[in-house]
J.: 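Dropping a structure here in structure tokens format, bear with me for questions.
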Amino acid sequence: MFWLAYALVFLGCLGLPPADAAVVEHTFSVGNLTIDRLGQRQVITAVNGQFPGPMLEARDGDAVVVHVVNYSPYNITIHWHGVLQRLSGWADGPSMVSQCPIRPGGATYTYRFNVTGQEGTLWWHAHVSFLRATVYGALLIRPEPDRPHYPFPAPYGEATLLLGEWWNASVVDIERQAMLTGGPPNNSVALTINGMPSGYELAVRHGETYLLRLVNAALSYQLFFKVAGHVFTVVAADACYTDPYNTDVIVLAPGQTVDALMHANASPGRYCMAAQVYQSVANATYTTTTTGLLRYEHGAEAAGMSTIMMPSMPEFKDSATAQDFYGSLTGLLRDGKPTVPLHVDTRMLVTYGLGIAPCMPTQTLCNRTRGSVAASMNNVSFQLPKAMSLLEARMRGNADGVYTRDFPDRPPVMFDFTNGSMSSNRSVMLTSKGTRVKRLRFNTTVEVVLQNTAILGSENHPLHLHGFNFYVLAQGAGNFNARTAVRSYNLVNPQQRNTVAVPAGGWAVIRFTADNPGVWVMHCHLDAHLPFGLAMAFEVDDGPTPDTVLPPPPPDYPQC
Ligand code: C2O
């Protein structure tokens, strides 16, 4: 009865898309795919037998409908990374936050949402366990049909490059092993470009300009990307236009995207492109690189230029280059588009990083003296609920037993956050577990200082917020100091993103307006850090008018 009532209300409020908007409809059949990589045959989880999965292409204003059918042996959800999901939080996808997973054995769920007021490169990925290692694809949003122009000269061609990671093993086993030991998961064995550890080729015409749509779909690594002999003009990041920024290296943290123009104006020939790990952890030694080929269509052979030039890559710990890139982007101001809010209603200081927690009984391989690696925000190690998603509990108006509304606005103790010697202070290292959310009234403007800690080592963590783009006002090294930092705030044209790579042992200040009712998780996009608890959630109240109220869930909303 309960669901029937909701089903009827839902059908009643299905708005029709504007006349020129299209419906982009797909079926995603999730299942096993046998695939050969690096000389090994293995079975992965994939969509429609494709790896990477199908590309979704829409125009600003379109409605997207994706019927997901789960024939895989695992629970599945799909997240549309960076889609704002205005009033469509039911389609957001993080398991146990916006929905219960779609069960194996052919269960289905249809994701319905509009892409409105967004243009550029986004992507979709599984949002349950480590499955996004192979369940991911691009989601491109082009300008509206009646306004077919980018705010930059139209490129001659474009190419989408999904950068990922590859394991010679089942990622579900990798995750299980990490859970049992309470330690980090095994490293991948290769980086990939469009699913290939090597062999990707892009053919270009001399003299033309190409729009490269880059996505960092890796689970654990930030990346430097270069093409030998070529420079780029960055024009967007996370599907938010930027002022044109010229660079010969692009830096992307997991979750982030960059749209960059590349001018094919080198002498015709063959040039290597390379993606290489950027490692921000002080003692880390692991690095890897993958290469692809940029090939000029005419002239290469004729000119006898068979040399494949390798780009000179930054040193793998080159934080200066990474920070230079991240800190140089500014947002493109456009007529009629919102700008950074100048009034702030709610201020938060959120420390985050690694920590420890007592081993759980299920962690049979966990070192009892050391404890399990945990991660936290304001010392709360985020636990996903088991019986009902956060969003469903919000809708039922009863959070009891699912979550509490006491996520702290400040860390429980103030200490020298970025001082490495704190790592040995057990009282600072110990995290508390909880499913604690920060409640926000509709339309509140929130400013959050994100402060990395040095507990168990500082690291550049890519923090991703669902349901919103935020402005990045400033970032810096060491402990945040309001007095000095405020002077560096960009309140004119700050970049907008959905994922900010906060400097290792440093801080960033973000600002957003909570104008999208629902429950929205903010978490580290290094995939191992989410089960460790590096997350929190915002619960945003409904607004005062019918069009600012989250509609009820669709009739096929999965049940736990
Ligand atoms: Cu791309 Cu919550 O994730």
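When a residue number appears, it is its place in the shown sequence, counting from 1. In each ligand, atom 1 is the first atom listed, and ligand 1 is the first ligand listed.
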J.: Examine His79 and say whether one of its N/O/S atoms is closer to atom 2 (Cu) of ligand 1 than 2.8 Å.
T.: no
J.: Glu392 versus Pro553: any side-chain heavy-atom pair under 4.5 Å?
T.: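 They are not in contact (no side-chain heavy atoms under 4.5 Å apart), so the answer is no.
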J.: Near atom 2 (Cu) of ligand 1, is there an N/O/S atom from His525 that is less than 2.8 Å away?
T.: no
J.: Do you see an N/O/S atom of His81, backbone or side chain, under 2.8 Å from atom 1 (Cu) of ligand 1?
T.: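 Checking His81: at least one N, O or S atom is under 2.8 Å.
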J.: Closer than 2.8 Å to atom 1 (Cu) of ligand 1, do we get an N, O or S atom from His127, backbone or side chain?
T.: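 Checking atom 1 (Cu) of ligand 1 against His127, no N, O or S atom falls under 2.8 Å.
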J.: Do Arg439 and Asp541 sit within salt-bridge range, that is, some charged N less than 4.0 Å from a carboxylate O?
T.: yes
J.: Take the angle between the ring planes of His464 and His81 and call it parallel below 30°, perpendicular above 60°, tilted in between.
T.: parallel
J.: I'd like to know whether the aromatic ring centres of Trp124 and Phe28 sit less than 6.0 Å apart in this structure.
T.: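 So the answer is yes for these two rings.
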J.: So, of the N/O/S atoms that His523 has, which is the nearest one to atom 2 (Cu) of ligand 1?
T.: NE2
J.: Identify the two heavy atoms, one from Glu447 and one from Leu473, that lie closest to each other, and give their separation to 0.1 Å.
T.: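 What the structure gives for the nearest pair is OE1-CD1, 3.9 Å.
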